[in-house]
J.: 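If you scroll down you'll find the structure; I have some questions about it.
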There are 4 protein chains.
Amino acid sequence: MLKVSIIGATGYTGIELLRFLIRHPQVEIKNLVSHSQAGRRITDIYPQFKGAGDFTLMDYDPEVISGSDLVFTALPHGISQQVVAEIYQLGIKVIDLSGDFRYRDISRYESWYELEHNYPELAREAVYGLVELKREEIKEAGLIANPGCYPTASLLGLIPLVKEEVVKRDSIIIDAKSGVSGAGKALKEPLLFNEVDESLKPYGVTSHRHTSEIEAVLEEFSPGGKEIKISFTPHLVPMKRGILATIYADLEVNISEEELINLYFKYYPAGGFVQVLPGKIPQTKYVVGTNYCHLGIKVDSRTNRVIIISAIDNLGKGAAGQAIQNMNVIFGLPEDTGLKATGIFP
Amino acid sequence: MLKVSIIGATGYTGIELLRFLIRHPQVEIKNLVSHSQAGRRITDIYPQFKGAGDFTLMDYDPEVISGSDLVFTALPHGISQQVVAEIYQLGIKVIDLSGDFRYRDISRYESWYELEHNYPELAREAVYGLVELKREEIKEAGLIANPGCYPTASLLGLIPLVKEEVVKRDSIIIDAKSGVSGAGKALKEPLLFNEVDESLKPYGVTSHRHTSEIEAVLEEFSPGGKEIKISFTPHLVPMKRGILATIYADLEVNISEEELINLYFKYYPAGGFVQVLPGKIPQTKYVVGTNYCHLGIKVDSRTNRVIIISAIDNLGKGAAGQAIQNMNVIFGLPEDTGLKATGIFP
Amino acid sequence: MLKVSIIGATGYTGIELLRFLIRHPQVEIKNLVSHSQAGRRITDIYPQFKGAGDFTLMDYDPEVISGSDLVFTALPHGISQQVVAEIYQLGIKVIDLSGDFRYRDISRYESWYELEHNYPELAREAVYGLVELKREEIKEAGLIANPGCYPTASLLGLIPLVKEEVVKRDSIIIDAKSGVSGAGKALKEPLLFNEVDESLKPYGVTSHRHTSEIEAVLEEFSPGGKEIKISFTPHLVPMKRGILATIYADLEVNISEEELINLYFKYYPAGGFVQVLPGKIPQTKYVVGTNYCHLGIKVDSRTNRVIIISAIDNLGKGAAGQAIQNMNVIFGLPEDTGLKATGIFP
Amino acid sequence: MLKVSIIGATGYTGIELLRFLIRHPQVEIKNLVSHSQAGRRITDIYPQFKGAGDFTLMDYDPEVISGSDLVFTALPHGISQQVVAEIYQLGIKVIDLSGDFRYRDISRYESWYELEHNYPELAREAVYGLVELKREEIKEAGLIANPGCYPTASLLGLIPLVKEEVVKRDSIIIDAKSGVSGAGKALKEPLLFNEVDESLKPYGVTSHRHTSEIEAVLEEFSPGGKEIKISFTPHLVPMKRGILATIYADLEVNISEEELINLYFKYYPAGGFVQVLPGKIPQTKYVVGTNYCHLGIKVDSRTNRVIIISAIDNLGKGAAGQAIQNMNVIFGLPEDTGLKATGIFP
C-alpha cells in the first residue's frame with residue numbers, strides 16, 4: 001500500500017483527489033493538510049465524506065508528511081514552490097498541481113506569472129505529467145508538474161497535429177469553455193451564483209497564463225522545436241465542471257477526416273483515457289466525474305481547416321484524475337487503478 | 001458472481017443501475033434490455049460507458065433474461081406488472097422499480113393510479129424494499145417493490161415519529177422538492193430546459209400518487225395500524241438530481257431535540273446509509289451520486305412542532321442505489337457492496 | 001415630475017429600483033448614492049444601463065439628497081435606521097427597504113434582529129407598505145417600511161385566511177423557496193456558484209427573522225389581535241430570482257375551493273398586482289421581472305386543509321416593485337405607473 | 001397607431017415580439033395567429049401576459065390579418081415562404097423572422113436548407129434587416145428578412161473588418177455560443193433540462209446553415225464582392241438566453257487596438273443599439289432582455305490577430321427586438337421606440 005498525503009486538501013482539487021484516492025485499492029491516505037482548516041474534521045466541512053473514512057486536517061509541517069511515499073500538493077502557484085522543494089529534498093515523490101513547475105524555461109514562467117521562481121533547477125528536473133505523451137519520462141520522475149486544465153484539453157487535441165506537421169504552426173486558435181470549479185473556491189464577486197448563472201463570458205482574452213503553458217509544450221513536440229504562437233480564449237460557462245476546447249487550425253497537408261482519425265488512434269489507442277470518437281461531437285456531460293478525455297475530429301474541406309473538439313472534466317483529467325494517473329505510472333500500477341468510475345449522468 | 005439483468009436499461013434509472021453495477025465486485029451483468037433501443041450498443045447512446053464495458057441492448061424476451069439470478073425492472077407502472085409476473089414465475093428474483101407492487105391493498109393502488117392491477121396476489125407477496133426498516137423481510141423476498149423516490153425520503157424521516165407516536169397522526173405535512181431527473185426522460189414540454197430553468201413550481205398538489213404510498217407504509221408502522229392522512233406537495237427544482245423533503249408535524253409528547261436525535265440514532269445507527277446529522281441542516285449536494293440519506297432534526301418549542309429535513313439522490317437511495325442495497329441484502333452480501341462511492345462535489 | 005434619489009443604489013435592490021424608475025414617466029432621478037462605489041459611473045459597474053441614462057454615484061450626504069421629493073433607502077438593517085431618521089427629519093418622504101421600520105413592537109424587532117433600535121417612535125409612525133392591504137394608511141405616510149420579500153409572498157397569501165378566520169390560527173406553516181438574489185450581493189462562500197448550483201438547502205430553520213415580521217402583521221389582521229405563531233422555513237433554490245411560498249393551514253370552517261377563491265377575489269380584484277389564478281398552480285417564471293403576485297388556491301377536503309401557493313419576484317413585488325407601487329400611492333399616481341412591463345420568459 | 005399582427009405568436013420569438021409590442025406607444029395589436037393554439041387565450045398559455053391585455057389566438061386566414069399595417073411572421077423556414085408571399089400580395093408590409101427570404105442567391109438557400117424556394121423573385125426583393133448597416137434600404141422595404149440570431153451577432157462584429165479590408169478574407173473564424181431558447185420550443189430530447197443542464201456541446205460543426213447566411217452578407221460588404229469562406233461553430237450553453245460570438249481573424253493591415261476601436265465607433269456611434277465597449281469584455285448577462293449588441297475589441301499584436309467579442313440576446317437583437325427596430329425604421333419612428341427597457345440583472 002502506498003502512503004499518500006495531500007497538501008491543500010480542502011480546495012476543490014483537494015477533495016477530488018480525496019474522492020478518488022479513498023477508493024484506490026493500493027493507497028492508504030496518511031495525512032490531509034490544510035492550513036486554513038487545520039484541526040477540523042474533513043466531514044465537518046464536506047459531509048459527503050461521512051461513511052467513507054474520516055480525517056482530521058493537519059497544518060503543514062514536514063513531520064506531518066514524513067513517511068509518505070508520495071505527496072500531492074494542491075496549492076496556489078507561487079506558494080507551492082517552496083513546499084514542493086522542501087518535500088522533494090526529503091526524498092518524497094511529489095505531484096504538484098500548481099503551475100510552478102510546468103516550465104523548463106523559467107523566464108517564460110516569470111514573465112506570464114509575473115513572479116520570481118526560486119527553484120529553477122528543480123523546475124528543469126520536473127516532468128510535465130501529460131501521461132499519454134510523456135509516459136516513459138514519468139516512470140522515472142521524482143517531481144511531476146501536473147498539467148493545467150486548459151492545457152490538458154488543448155494539448156491532447158493538438159499534439160498529434162503539431163508533431164506530425166499536419167497544420168500550419170501559426171494558425172492555431174483554441175476557443176475554450178470551462179465550468180466554474182476551474183476557478184477554485186475563492187471568494188470573488190465574479191464567482192457568485194448571481195453573477196455567473198445565465199451568463200457567458202470570455203476572460204483573460206489574449207493574456208491567460210495557460211497560453212504560455214500550451215505554447216511551451218507544443219514547441220517541445222514541434223519538429224525542430226520551432227516556435228509556436230497560439231490564440232487562446234477561455235470562457236466561463238454557467239455549469240460546475242467540464243472543459244470543452246474547440247480547436248481550429250489550417251491544414252498544411254492534404255489529409256482526409258478518416259486518415260486524420262486514424263492518426264489520432266495511433267496516439268490514443270482504444271482502451272485508454274483519451275478516447276477518439278469517430279463521427280461524434282463530444283459534450284462535457286459524458287466525461288464529468290471521470291479521468292476521460294473525449295476527442296472529436298472534423299476536417300472541413302470547404303475551408304481547408306481542421307476542427308478538434310476536446311472535452312474533459314477540469315477536476316478529473318484536468319487535475320486530480322490525471323495526478324492519480326501519474327501516481328499509478330510512477331509506482332508501476334495499472335494506469336487506471338482507482339480511476340474506473342463511470343461519469344454521472346444526468 | 002451474481003448474474004444480473006436490467007429491463008428498461010436506457011432510462012435514467014436504468015443507466016444509474018448500470019453505473020453502480022459495473023463496479024459491483026459480486027455482479028456480472030448478463031443482459032441489458034430495452035425495447036425502444038434494441039440492437040444498439042449502450043455506448044452509442046451513453047458514451048460515458050466507453051471503457052467500462054460495452055453491451056448490445058436486447059429486446060425483451062424470457063429467453064434473454066433466463067439464467068439471471070436477479071432482474072431489475074425499470075419500466076413505467078402499468079407496463080411493469082406483466083413483465084414482473086412473467087419473470088417471477090420463472091423462479092428468478094425480481095426488484096421492480098415501478099409503483100406496481102408497492103401496495104398490499106390493491107384498491108388503494110387502483111384508485112390512485114387509475115389502473116387495474118392484474119396480479120393482486122403477487123402484489124401481496126412482494127416486500128416493500130425500504131431496507132433500513134424491512135431488512136428481515138427482504139432477506140426472504142422473491143419480489144421486491146423498490147420504494148418511490150419521494151416515499152423513500154419521506155418515510156425514512158417519518159417512520160420513527162409515527163412508530164413511537166411522537167407526533168399527532170393527523171398533523172403530518174411533507175413539502176418535497178425534486179430535481180428534474182425524477183420525472184424521467186419523457187419528451188414533455190414542462191421538462192424542456194427553457195421551461196424548467198430559473199423557475200420553481202409545485203405540481204400534483206393534493207393529488208400526487210406518492211401520497212398514497214407514503215400513507216400506506218406509515219399506517220403499517222402506526223401502532224394499531226391507525227389511519228394516517230398526510231398533505232404531500234412536490235415541487236420541481238431547476239437541478240438534475242436530488243430530493244429534499246421538509247417534514248412538519250405537531251408534537252404529541254414532550255420531547256427535546258436531543259432526545260429526538262437519540263431516538264433517530266436507534267433507528268439509524270452510525271455507519272449505515274441513513275445518516276443523522278445532529279445540529280446540521282442537510283442539502284442535496286452532499287448526497288448526489290450516492291445511496292445516502294441525510295437527516296436533519298429540529299424541535300421547535302415555540303410552535304411545539306418537529307421539523308425533519310431528509311435529503312437523498314432520487315436516482316440513488318430513491319431508486320437505483322436502494323435497489324442494489326436490496327439485492328445485497330437478498331444475497332447476503334455486505335449491504336454497502338458496490339455502493340461506497342463518495343458523492344461528486346462541486 | 002417627482003425628484004427621487006436612491007441610497008444604496010448598487011445592490012441588487014438598488015439597481016432594480018433604478019431599472020423600474022428609469023422608465024417611470026413621472027420620475028426624474030436626482031441622485032444615486034453608494035458609499036462603496038462613490039465617484040464611479042453606474043454604467044461602469046452595470047453596463048446594462050448604457051443608453052438608459054448615466055449617473056455618477058455619490059457618497060451619502062444630506063446635501064446630496066436635499067431637493068428630493070422621495071428617497072428610497074436600500075441599506076442593510078441596523079445601518080438604515082439612522083440614515084432614514086435623518087432624511088425624514090429633513091421633511092423628505094422615505095421608503096425604506098430594510099427591516100428597520102417594519103415593527104411597531106420594537107421589542108420584537110430587538111429580539112429577532114439582536115440589535116438595539118434607536119428610533120422607536122419613528123418606527124411606530126412608519127406605515128407597513130403592503131399596498132393591497134394598507135392602501136389608505138400609505139396615502140398619508142411620510143415613512144414607508146417596505147415589506148420583506150418572504151413576508152410579502154406569505155402575507156398576501158395568508159391575510160384573507162386569517163382576517164376571515166377561515167383557518168386555525170395555530171396551524172399555519174409556510175414552506176418558502178427563494179432564488180439567490182434574495183441574499184444580496186454579499187461575498188459569502190454559501191453564495192458562490194459552485195456551492196449553490198445543483199443543490200437545494202433549507203436555512204434559518206425555526207429562526208429566520210421574517211418569521212417575526214409575518215407573525216406581527218398577521219396578528220394585526222387577526223380579529224381581536226389574537227396571537228399567531230407560525231412555522232416558517234426558507235430554502236435556497238438554484239435560480240436567480242423568484243420566491244414561491246407554499247402555505248398550509250387547517251380549516252376552521254367549512255368552505256369549498258370555489259367559495260375560497262371568491263373570497264380571495266374580494267381582497268384582490270382582477271386587474272391589480274395580486275392575481276388569483278383559479279384552477280392554476282403558480283410558478284415563479286411567470287412573475288420574474290414584474291411586480292405581480294400570483295396566487296393558487298387549493299382546498300384539500302381529504303385532509304381538511306387549505307394550501308395556498310404564492311409566487312413573486314423577490315426583487316419585484318418583494319422589494320423594488322412594491323416600493324415604487326408605494327411611491328405611486330403616496331403621490332396619487334395610478335398604482336401601476338412605471339410597473340407595467342411584462343415578465344421575461346423564457 | 002400602427003395595426004400589427006403576429007403569425008406564430010406562441011413560439012418564443014412570438015411572445016417576445018408580443019412582450020415588446022404591448023408597451024410600444026405607436027402600436028395597436030390587431031391579431032395574434034397560432035395554428036396549434038387557435039381558440040385559446042394567450043394568458044392561458046403564458047400567464048405573464050395577465051394584466052397586460054388579453055388576446056384570443058386565431059388560426060391563420062388572410063381575413064384575420066387584413067387591415068394590418070404590418071405583419072410579423074415567426075414561422076419555421078419552409079413553411080414561412082407561402083404565408084409571407086400571400087400577405088405581401090395583399091399589400092401588407094411583412095417582417096419575416098424565418099430564414100426563407102434572407103438570400104438573394106436562391107441556390108445558396110436551396111443547398112444549405114435542402115429545400116426548394118418557391119418565391120425566388122420575392123426573395124430578391126426582400127431587404128436583409130440588419131438595421132445598423134442597411135438602414136436606407138429598409139426605409140423603402142415592403143418585405144424584411146429579419147436576420148438570424150447568430151448572423152446578427154457575427155455580422156455586427158465582422159462587417160467593419162471586412163468592408164475596410166482590415167483582415168484576411170480567408171482567416172475568419174466564428175466560435176459562437178448560444179442559450180437554449182435559440183433552438184425554440186421543439187419537443188426534442190437534446191432540449192430536455194436533464195440533457196442540457198451542466199453540459200456544453202458544439203453542434204452543426206462545419207455544417208450549420210447560418211454559415212451560409214453570414215458568408216452571403218459578408219460578401220455583399222466585401223470590396224469587389226470577393227468570396228468569403230468562414231468557419232462557424234455554434235455551441236449550446238446551459239442558459240436560456242444570450243449569444244456570444246468570439247470572432248478571430250488575421251490582420252491584413254497594421255492597426256492598433258485604439259485605431260480599430262475608433263473605426264468601430266464610425267460604424268456604431270454612441271447612443272445606438274450597437275455599443276462598442278472600449279477596454280471591456282462583453283458578457284451576455286448585460287444584454288439579456290434588450291435589443292442591444294455589446295462589442296469588445298482586442299488586437300493581439302503577439303499573434304497579429306484581431307479578436308472581436310459580440311454579445312446579444314438571441315430573442316432580442318437576434319430576433320424580436322431587431323424586428324421591431326426594423327418596423328420603427330419602415331414607419332419613420334425613432335428607432336428605439338418601444339425598445340428602451342433595461343436588461344434584467346441578476
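Throughout, a chain's letter reflects where its sequence line sits, starting with A, and its residues are numbered from 1. These numbers were taken from a predicted model, which means no experiment stands behind them.
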J.: Output the option from A:Asp250, A:Ile230, A:Asp197, A:Asp170 having the highest count of non-hydrogen pairs under 4.5 Å with chain D.
T.: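 When all of A:Asp250, A:Ile230, A:Asp197, A:Asp170 are compared, A:Ile230 has the most.
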J.: When you measure from the side chain of D:Thr284 to the backbone of A:Leu200, do you find a donor-acceptor pair of N or O atoms at a distance under 3.5 Å?
T.: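 Confirmed, D:Thr284 side chain pairs with A:Leu200 backbone.
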J.: Picking from D:Pro346, D:Gly242, D:Pro202, which has the most non-hydrogen pairs under 4.5 angstrom with chain A?
T.: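 It is D:Pro202.
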J.: For A:Arg241 and A:Val287, what are the C-alpha separation, side-chain angles and deciding distance, and is it a side-chain contact (heavy atoms from CB on, under 4.5 Å)?
T.: CA-CA 10 Å; A:Arg241 287 172 176 237; A:Val287 295; over 6 Å; no
J.: Heavy-atom cut-off 4.5 Å, strictly under: side chain, backbone, both or neither for D:Lys240 against chain A?
T.: both
J.: I'd like to know which of D:Lys298, D:Lys229, D:Gln283 tops the heavy-atom pair count under 4.5 Å against chain A.
T.: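 So the answer, after comparing D:Lys298, D:Lys229, D:Gln283, is D:Gln283.
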J.: Centre of D:Tyr109's six-membered ring, under 6.0 Å away, within 45 degrees of the axis: is that where NZ or CZ of D:Arg102 sits?
T.: no
J.: Go through A:Ile243, A:Thr303, A:Leu236 and name the one with the most non-hydrogen pairs under 4.5 angstrom from chain D.
T.: A:Thr303
J.: So, the side chain of A:Tyr264 versus the backbone of A:Gly157: is there a donor-acceptor pair under 3.5 Å, distance only?
T.: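 At least one qualifying donor-acceptor pair exists.
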J.: A:Val237 versus chain D, heavy atoms under 4.5 Å apart: side chain, backbone, both or neither?
T.: side chain
J.: With a 4.5 angstrom heavy-atom cut-off, which part of A:Thr211 approaches chain D: side chain, backbone, both or neither?
T.: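 It is the side chain, since no backbone atom gets that close.
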J.: Is A:Phe345 close to chain D through its backbone or its side chain, or both, or neither, when contacts mean heavy atoms under 4.5 Å?
T.: side chain
